[in-house]
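See structure below.
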Amino acid sequence: MGSELSRARELPRHQYSAQLFSAAMRTGCRRRSFLMSAFALMTCVRSFTVVYRVGKVERAIRFHQKRFLSATATASEAPRSQKKKSSNTGGLRRLPVVKAPNELVARARKTAYKVKADSNIKNARNRARKHGAETLNAMTQALCIPLRDLVNGYKTEWRRLHPFERVVADLTARARQKRDGLTLTTVLDDIHEARKELLEAGKDWVARAKAAETAREAGEAMQEGQERLLDLFEELAAPSVSQILTLQRSLRSAPAVRLDTPAVVLVGAPNVGKSSIVRAISSATPEVNNYPFTTRGMTLGHVEVFWSENEAIAKAVVPDAKRKPNQPSVEVVTGRYSFSQLCQVMDSPGLLVRPDDERNEMEALTLAAMQHLPTAVMYVMDLSGGAGDKCSSVKDQLKLRREIRARFPRRPWIDVVSKYDLGFEDGSLEELEEILDGEPYLKLSIHEDIGVDELRTEVLRVLGEVRVVLDAMAVVDERSARPQ
């Protein structure tokens with residue numbers, strides 16, 4: 001039969017099953033000394049299984065479709081492409097869904113209620129024992145399994161988060177810790193310990209129901225055990241589950257950021273005019289990304305960048321609000337440009353000159369955006385002395401520029417002196433030029449429309465530099481995903 005099966009594998013797929021069936025039949029018929037009790041042929045999408053019994057001997061032969069396809073595949077067949085990596089952060093929305101404590105309790109009650117007494121057991125005491133034990137065990141599992149899945153799911157998904165999302169999650173948890181003094185790790189540990197207590201209590205009540213002397217005692221143990229398990233859940237697990245539920249609502253509300261789109265992040269001290277610049281060079285009604293640990297959000301505008309056939313930047317415009325999201329622009333449809341891409345312009349919260357361990361959540365978010373997202377940096381300064389904050393003095397702004405540039409020396413960079421129409425403090429431009437050491441900077445006034453066109457040109461330049469890096473990263477990912 002082995003040689004016949006070998007030849008069968010060389011046949012087309014529709015003949016392979018028939019040949020396999022006939023070979024098995026002939027083999028069974030030759031063994032007349034045994035009584036063939038059954039023969040079954042099972043064919044599924046992934047495997048062919050032939051099971052035949054000869055007397056008391058059961059033999060199973062399984063031929064995987066994968067092996068068959070690999071033996072008959074032609075050289076022209078291309079390998080299947082691997083699943084593409086996600087182009088958005090969005091991992092915080094994939095955290096395990098947490099049910100409210102009252103919903104978990106209601107589901108546990110319903111599960112226990114569905115357990116019925118075994119009518120086949122004639123002895124009333126034994127029937128009550130079994131019914132009580134099964135009911136208590138069902139309730140215990142209904143309370144404990146969601147807690148286990150919650151803890152394991154959070155720990156698993158937390159490790160899979162994008163670095164930027166991990167910072168957002170940590171900042172959210174840190175803000176909650178400031179309010180109630182609890183960390184995410186502490187809450188998850190509390191849920192884990194509560195689950196262990198519930199399991200032990202459930203085992204004890206199951207044992208008590210099984211050891212009942214009478215049917216009445218078994219029923220009383222069942223009722224008392226259920227109420228005690230629910231009381232334990234409310235006492236030990238419900239507060240921690242409620243805290244996780246509140247934290248999850250905050251985390252899942254965090255905006256997703258595209259990782260395959262070039263972006264420019266505006267950085268600087270508070271009140272230096274970053275939001276005005278975003279509105280001047282990008283979409284007229286920018287989005288506001290609200291993060292759960294603060295009432296202040298990150299303003300996000302868009303610029304539609306058109307690329308020529310040689311993949312050089314041709315022009316950039318504010319995207320048409322009336323055009324549908326996936327609808328190509330007229331310039332691309334008519335062939336004037338090769339393609340277009342929506343790029344992001346982000347206004348970040350203001351930074352102050354102080355150590356990292358003293359920064360607030362919004363400052364940490366700004367640094368995380370520069371560190372983990374594909375962005376160029378536009379450093380904005382107001383040298384007029386009217387920023388309105390003692391911590392936003394010209395001296396501090398220039399010192400902050402040194403620190404940020406030293407931390408991110410390889411980022412595409414634009415230096416902008418905003419509110420140029422308001423003038424500047426004596427000696428501030430000379431000190432800035434000394435710090436820049438010959439590097440150019442832009443003089444900008446949104447109110448007087450000074451330097452806006454030049455700024456758009458510089459934004460195009462740095463977006464092009466970011467896109468080169470993203471394309472190189474995509475090529476590396478594609479090569480690493482190819483089968484060896």
Nearest 0.5 Å, what's the [atom1]-[atom2] distance between [X] and [Y]?
X	Y	atom1	atom2	answer
Leu247	Leu188	CG	CG	9.0 Å
Met139	Phe233	CE	CZ	11.0 Å
Asp382	Phe424	CG	CZ	12.0 Å
Arg411	Gln371	CZ	CD	8.5 Å
Leu229	Asp204	CG	CG	9.5 Å
Ser348	Met362	OG	CE	8.5 Å

Between [X] (side chain only) and [Y] (backbone N and O only), is there a donor and an acceptor less than 3.5 Å apart?
X	Y	answer
Arg228	Asp231	no
Thr366	Pro349	yes
Ser418	Val272	yes

(message) Can a side-chain donor-acceptor contact be found between Asn137 and Thr140 if the only test is distance below 3.5 angstrom?
(response) no

(request) Go through the side-chain N and O atoms of Asp347 and Ser275 and say whether any donor and acceptor fall under 3.5 Å apart. (result) yes

A side-chain contact here means heavy atoms from C-beta on lying under 4.5 Å apart; do [X] and [Y] qualify?
X	Y	result
Leu400	Met381	no
Leu444	Val417	no
Leu150	Ile244	yes
Leu198	Leu236	no
Leu442	Asp415	no
Leu352	Asp396	no
Met378	Val267	no
Leu143	Leu230	yes

(message) Does anything in residues 145-156 form a side chain to side chain donor-acceptor pair (under 3.5 Å)? List the pairs, not counting sequence neighbours.
(response)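 Residue pairs passing side chain to side chain donor-acceptor pair (under 3.5 Å), neighbours aside: none found.
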
(message) If you apply the rule side chain to side chain contact (heavy atoms under 4.5 Å, CB included), what do you find for Thr375 with Val466, and how did you get there?
(response) CA-CA 7 Å; Thr375 62; Val466 175; over 6 Å; no

Result block: side-chain N/O donor-acceptor pairs under 3.5 angstrom for residues 432-441, not counting sequence neighbours:
residue: Glu433; atom: OE2; partner: Tyr441; partner atom: OH; Å: 3.0

Please report the shortest heavy-atom distance between [X] and [Y], naming the atom on each side.
X	Y	value
Leu171	Ala364	CD2-CB, 3.7 Å
Ala138	Val115	CB-CG2, 3.8 Å
Asp421	Glu448	CB-CG, 3.5 Å
Pro101	Ser242	CG-OG, 3.4 Å
Val167	Ala368	CG1-CB, 3.5 Å
Lys274	Pro270	NZ-CA, 4.4 Å

(request) Report the C-alpha separation of Trp413 and Arg405 in whole Å, then their side-chain angles, then the decisive distance to 0.1 Å, and conclude whether the side chain to side chain contact (heavy atoms under 4.5 Å, CB included) test is met. (result) CA-CA 9 Å; Trp413 193 278; Arg405 188 53 171 160; 3.2 Å; yes

(request) Check the angle between the aromatic planes of His162 and His372 and answer parallel, tilted or perpendicular using the 30° and 60° thresholds. (result) perpendicular

(request) Could you list the residues that satisfy side chain to side chain contact (heavy atoms under 4.5 Å, CB included) with Glu200, not counting sequence neighbours? (result) Lys203

(request) With side chain to side chain contact (heavy atoms under 4.5 Å, CB included) as the test, would you mind laying out the steps for Val345 and Leu266 before giving the verdict? (result) CA-CA 8 Å; Val345 182; Leu266 280 70; 3.7 Å; yes

Are [X] and [Y] close enough for a salt bridge, meaning some N to O gap below 4.0 Å?
X	Y	value
Arg354	Glu363	yes
Glu465	Arg461	yes
Glu103	Arg107	yes
Asp356	Arg359	yes

(request) Could you walk me through whether Glu425 and Lys395 pass salt bridge (charged side-chain N to carboxylate O under 4.0 Å, His left out), step by step? (result) CA-CA 10 Å; Glu425 288 187 355; Lys395 181 179 179 180; over 6 Å; no

(request) Return yes when atom CD of Glu157 has more than 12 non-hydrogen atoms of other residues, nucleotides or ligands closer than 6.0 Å, and no otherwise. (result)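 Correct, the count exceeds 12.
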
(request) Starting from the C-alpha separation in whole Å, work towards a yes-or-no answer on side chain to side chain contact (heavy atoms under 4.5 Å, CB included) for Lys419 and Ile446. (result) CA-CA 7 Å; Lys419 305 180 183 179; Ile446 302 298; over 6 Å; no

